[in-house]
Amino acid sequence: MKTTHHHKNNSNNNITVQKIARKNKASSSKTTIVRVKNKHKSSKDSKPNSEFQENIPIPQINTTLIAFLNKNPILTKDFYQIDALDLAPRLLGKFLRRDDVVLQITEVEAYRPNDSACHGRFGKTVRTAPVFGPGGHAYVYLCYGLHMMLNVVADKEEVGAAVLIRSCAPISGLGTIQQRRGLKTEKPILLAGPGKVGQALGLSTEWSSHALYTAGGLELLDGPEPENILVGPRVGIEYALPEHVNALWRFAIAGSSWISAPKKTLRPL
DNA sequence: GAAAAGATTAAA
DNA sequence: TTAATCTTTTCC
């Protein structure tokens with residue numbers, strides 16, 4: 001999204017910090033590593049989607065992210081009072097926090113009024129009432145009888161719009177995340193997928209309508225804007241009208257490994 | 001009141 | 001590729 005300029009003598013402009021947490025194996029010293037990749041691809045970089053070149057251990061979490069979190073910049077209600085299609089990409093890079101768990105949003109989908117794939121398409125019901133409320137609240141629903149899907153309600157009162165959180169990257173609370181997921185891994189299988197995000201945050205439908213702009217419980221905090229964004233059609237809505245099936249309303253952070261399947265339908269914005 | 005389908009996941 | 005699992009919505 002943002003154009004990056006080259007600044008010589010500043011090595012920070014040549015790297016992109018991708019990932020933070022490392023499993024602390026119950027050892028006393030908390031070790032975090034940051035995976036760094038070179039933005040300037042050399043001719044030796046054969047693979048288009050080449051993974052990270054090296055793992056560099058550092059004593060602290062990414063300073064950029066720490067700065068955001070230390071400011072406690074909880075997003076205000078007015079941030080959400082816009083079209084879900086505008087809100088969706090703006091949620092990329094933001095942080096979800098509950099208890100000691102902090103997740104960075106890496107993949108989202110927009111659902112809107114007059115959208116044959118939106119849960120609001122049948123009008124306001126007990127389940128979907130939060131979708132028609134003012135932006136900034138959570139909409140959590142049970143999918144396939146198993147999975148808790150977290151949405152961020154968008155737009156103004158009476159507008160049925162929301163943004164599905166499809167994937168996140170773990171920022172802190174890895175132990176809690178792994179415990180809730182029942183998986184001891186830090187690979188994308190941990191958090192790439194909407195049901196996994198809901199599980200990692202310990203959500204249930206009781207969280208539906210929860211205000212994300214108030215302190216406590218589940219919060220949404222400001223975060224760094226991604227440099228590049230991928231777009232594609234939304235997942236799992238084959239029942240919808242063709243114009244909605246084909247709409248490019250899925251967004252993800254380019255270069256992130258925390259993206260759910262299918263990835264091949266995503267392309268640069 | 002019954003039946004079908006769903007913004008999915010993990011295991012085979 | 002398929003079972004798991006249950007609420008919501010639709011149809012009779």
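Because only heavy atoms are used, hydrogens play no part in the values below, and waters and symmetry mates are left out as well, while side chains stay in.
- Pairing of dA7(B), defined by two Watson-Crick or G-U wobble distances under 3.5 Å, is not identified with any nucleotide.
- Residue contacts for R121(A): at a heavy-atom cut-off of 4.0 Å it reaches no nucleic acid atom on any strand shown.
- Partner assigned to dT5(C) is none, using Watson-Crick or G-U wobble distances below 3.5 angstrom.
- Side-chain contact between E107(A) and I253(A) is absent, with no heavy-atom pair separated by less than 4.5 Å.
- Annotation: side chain of D155(A) is not in contact with side chain of I82(A) (no heavy-atom distance under 4.5 Å).
- Defined by atom type and a distance below 3.5 Å, a donor-acceptor pair is present between the side-chain atoms of H119(A) and Y139(A).
- A 4.5 Å side-chain heavy-atom check between S172(A) and F95(A) finds every atom pair outside the cut-off.
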Exercise. Which is it for E158(A) and K124(A) under the salt bridge (charged side-chain N to carboxylate O under 4.0 Å, His left out) test, yes or no, and what are the steps along the way?
Worked result: CA-CA 9 Å; E158(A) 298 307 316; K124(A) 194 185 296 184; 3.5 Å; yes
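- For the residue pair T128(A)/T125(A), the side-chain donor-acceptor check at 3.5 Å is satisfied.
- Taking every nucleotide of DNA chain B with any atom under 4.0 Å from a non-hydrogen atom of chain A, the first and last of them, 5' to 3', are dG6(B) to dA10(B).
- Remark: R234(A) qualifies as a cation-pi partner of Y111(A) under the 6.0 Å distance and 45° angle criteria applied to the six-membered ring.
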Exercise. Base, backbone or nothing for each nucleotide of nucleotides 2-12 of chain C, written B, S, -, heavy atoms under 4.0 angstrom, 5' to 3'?
Worked result: --BBBSSSS--
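- Between the side chains of H244(A) and S116(A), at least one donor N or O lies within less than 3.5 Å of an accepting N or O.
- Among the heavy atoms of the strands lying under 4.0 Å from L164(A) is at least one base atom, whether or not backbone atoms are also near.
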